[in-house]
Amino acid sequence: MSILNSLQMQGNSYLAISIFLLLVSGTNNAVIPGQAGGYLSLANQFLAPQNAARAALRMRPLVWDARLERYAQWYANQRRYDCRLRHSNGPFGENIFWGSGDGWTPAQAVAAWVSERKWYDYWSNSCVGDEDCGHYTQIVWQGTRRVGCASVTCYGGRGVFMTCNYDPPGNYIGERPY
């Protein structure tokens, strides 16, 4: 396959991801035909857009893990008081998100992380300039298999804090995500 064909296929995949994220991020309860009650569960609101990003690279999908979800919820509850963007420094890979106000959805948090793709340069295996791309590379880390996430509305109108934890973790210095 030529590089041009590969880039064209990636472009089509990213267009599909973008459309999916726009559809899902517009509401707190995405309607999915055929699913019980017609709504996408909170877990799938986090999981589906991350797996769409992985599918664009022809990677295995992540699976939801209740143990990681419990850890994420435990840590999100710690941040409920201050809503600070501080990592848990736990044993898992971790993406964190904060948004002011109270209307943020899991798909919007994941869209913010996936949007960092534009800053990741595969050939140098680094982020462009001083930009961040580690949230994206954690999502598409080839060795990662499981994810669990949580969301809390912070006290005192401080916003919404969300976190996803990944196992096995990724973002090892000197290693490519895929």
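- Note on ring orientation: taking the six-membered ring where Trp is involved, the planes of H135 and H87 are parallel (angle under 30°, cut-offs 30° and 60°).
- Side-chain contact check for Y75 versus F161: some heavy-atom pair is nearer than 4.5 Å.
- A donor-acceptor pair is defined here as one N or O able to donate and one able to accept, closer than 3.5 Å; such a pair exists between the side chain of N171 and the backbone of G134.
- A donor-acceptor pair under 3.5 Å is absent between the side-chain atoms of W113 and the main chain of Q50, judged by distance alone.
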Any chance you could lay out the side-chain contact (heavy atoms from CB on, under 4.5 Å) test for Y120 and E131, step after step, and finish with the verdict? CA-CA 9 Å; Y120 178 66; E131 301 295 337; over 6 Å; no
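- Expressed to the nearest 0.5 Å, how far CG of L62 lies from CG of D167 amounts to 11.0 Å.
- Here L68 contributes atom CG and N165 contributes atom CG; the two are 6.0 Å apart, rounded to the nearest 0.5 Å.
- Expressed to the nearest 0.5 Å, how far CZ of R54 lies from CD of Q142 amounts to 8.0 Å.
- Residue V114 is grouped with residue V160 when hydrophobic side chains (ILVMFWY) are merged at heavy-atom distances under 4.5 angstrom, including chains of intermediate members.
- In summary, R145 and D65 do not engage in a salt bridge, as defined by a charged side-chain N under 4.0 Å from a carboxylate O.
- No side-chain donor-acceptor contact under 3.5 Å links Y178 and T137.
- Checking side-chain atoms of R84 against main-chain N and O of R79 turns up no donor-acceptor pair under 3.5 Å.
- Put simply, the side chain of E94 never gets that close to the backbone of G90: no donor and acceptor are under 3.5 Å apart.
- Using a distance-only test at 3.5 Å, with no hydrogens or angles considered, no donor-acceptor pair links the side chain of D121 to the main chain of C127.
- Atom SG of residue C149 and atom CG of residue L47 lie 8.0 Å apart, to the nearest 0.5 angstrom.
- Within a 6.0 Å sphere centred on CZ of R67, other residues, nucleotides and ligands contribute more than 12 heavy atoms.
- Judged by the 6.0 Å distance and 45° axis criteria, R80 is positioned over the aromatic ring of Y155.
- To the nearest 0.5 Å, the span separating SG on C83 from OH on Y81 amounts to 13.0 Å.
- Cation-pi geometry between R176 and Y122 is met: the NZ or CZ atom falls under 6.0 Å from the ring centre, inside 45° of the normal.
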Would F97 and W104 count as a ring-ring contact (aromatic ring centres under 6.0 Å, His included) here? Give the steps. CA-CA 10 Å; F97 171 89; W104 294 94; 5.3 Å; yes
